[in-house]
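For reference, the structure discussed in these notes is given below.
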Amino acid sequence: DARVTQTPRHKVTEMGQEVTMRCQPILGHNTVFWYRQTMMQGLELLAYFRNRAPLDDSGMPKDRFSAEMPDATLATLKIQPSEPRDSAVYFCASGTEYEQYFGPGTRLTVT
Amino acid sequence: GQSLEQPSEVTAVEGAIVQINCTYQTSGFYGLSWYQQHDGGAPTFLSYNALDGLEETGRFSSFLSRSDSYGYLLLQELQMKDSASYFCAVTGSSYKLIFGSGTRLLVRP
């Protein structure tokens, strides 16, 4: 059955290291979203793409975060360098502006 | 700016009915969505209202009043598995989905 997949599911890294998270959206979905979830801030939209083009990345710290869609089956979110405050669950979703299907998330811990 | 308000916690008894309210302020409005998230899981889509009125999907219903900037999610015949967090989310003029802070529902036996 169609679902969004994300890798890795868990990542523990030291501050200063580069982190890359990957997402495979549901086949046929042309809009892909990256979210971050923390207890304090809740679910925040970081960036989203339509037809592989970035439409909005205003929620993303530009100096250290970058998001790309090298092709229609792969979206990446990169943090370089990582900081302890980046510790969160990062979700990828695909769908529409109101009905989105979320991946299982990447739980990132930066020590 | 955009903001959404929903209660932080609701407790109800198995078999009962519970209503989770959501009020919003947004520049431009296209619709109100509801998502469910179990602890440790991902948000899952429940419903979407673009027009005023009630939408029913099985035991869950969602209501929207655009003039009051208000909506609610109604859960009937509560089951233990309904214990989860429920998020309302608005699609505004920016076409982005903005989530509320979530309502944690605890269903007691």
Side-chain angles (χ1 to χ4, degrees), chain A residues 1-10 21 23-26 29-51 53-60 67 75 88-109, chain B residues 1-9 20 22 24 26-53 55 57 60 62-64 66 71 73 84-104:
Chain A
D1 74 310
R3 63 182 68 186
V4 176
T5 59
Q6 289 186 247
T7 56
R9 294 292 307 276
H10 301 271
M21 291 168 269
C23 165
Q24 182 171 7
I26 292 173
H29 283 185
N30 65 354
T31 309
V32 177
F33 307 83
W34 281 105
Y35 290 91
R36 175 171 64 184
Q37 186 173 38
T38 62
M39 288 296 293
M40 293 300 294
Q41 300 297 325
L43 261 171
E44 305 172 279
L45 179 67
L46 297 175
Y48 78 102
F49 296 78
R50 182 171 296 131
N51 296 322
L55 284 193
D56 191 317
D57 62 0
S58 59
M60 215 162 58
V89 180
Y90 291 81
F91 289 106
C92 172
S94 68
T96 69
E97 284 75 15
Y98 59 91
E99 182 173 351
Q100 296 175 14
Y101 295 87
F102 283 70
T106 295
R107 183 173 294 274
L108 175 65
T109 302
Chain B
Q2 299 177 101
S3 67
L4 296 94
E5 286 192 22
Q6 52 182 129
S8 58
E9 271 189 19
I20 300 173
C22 175
Y24 59 85
T26 181
S27 52
F29 178 82
Y30 288 94
L32 184 71
S33 305
W34 289 92
Y35 285 76
Q36 177 192 60
Q37 186 178 27
H38 286 98
D39 284 349
T44 57
F45 173 79
L46 292 177
S47 67
Y48 174 68
N49 294 68
L51 303 175
D52 286 357
E55 296 277 344
T57 309
F60 293 5
S62 56
F63 172 83
L64 174 65
R66 295 173 68 116
L73 181 68
S85 292
Y86 293 83
F87 295 86
C88 60
V90 295
T91 304
S93 58
S94 60
Y95 289 99
K96 296 187 294 191
L97 195 60
I98 306 299
F99 284 83
S101 53
T103 297
R104 193 171 183 85

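With a 4.5 Å cut-off on non-hydrogen atoms, Q37(A) touches chain B through its side chain but not through its backbone. With a threshold of 4.5 angstrom between heavy atoms, Y35(A) approaches chain B through side-chain atoms but not through N, CA, C or O. Contact of Y48(A) with chain B is made through the side chain alone, with heavy-atom distances under 4.5 Å. Only the side chain of L45(A) comes within contact range of chain B, with heavy atoms under 4.5 Å apart.
Atom CZ of R66(B) is surrounded by more than 12 heavy atoms from other residues, nucleotides or ligands within 6.0 Å.
Of the inter-residue distances, the one linking Q41(A) atom CD with S101(B) atom OG reads 11.0 Å to the nearest 0.5 angstrom. Atom-to-atom distance recorded for F102(A):CZ and Q37(B):CD is 8.0 Å, nearest 0.5 angstrom. With rounding to the nearest 0.5 Å, the separation of OH in Y30(B) from OH in Y98(A) is 13.5 Å. Rounding to the nearest 0.5 Å places CG of L97(B) at 12.0 Å from OG1 of T31(A).
For Y35(B) (side chain) and Q100(A) (main-chain N/O), a donor-acceptor pair under 3.5 Å exists by modelled atom type.
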Using the rule given for side chain to side chain contact (heavy atoms under 4.5 Å, CB included), can you reason through E99(A) versus F45(B), listing the C-alpha separation, both sets of side-chain angles and the distance that settles it, and then say yes or no?
CA-CA 6 Å; E99(A) 182 173 351; F45(B) 173 79; 3.6 Å; yes
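Shown here for A42(B) and G103(A), the closest heavy-atom pair between the two residues is CB-O, 3.1 Å.
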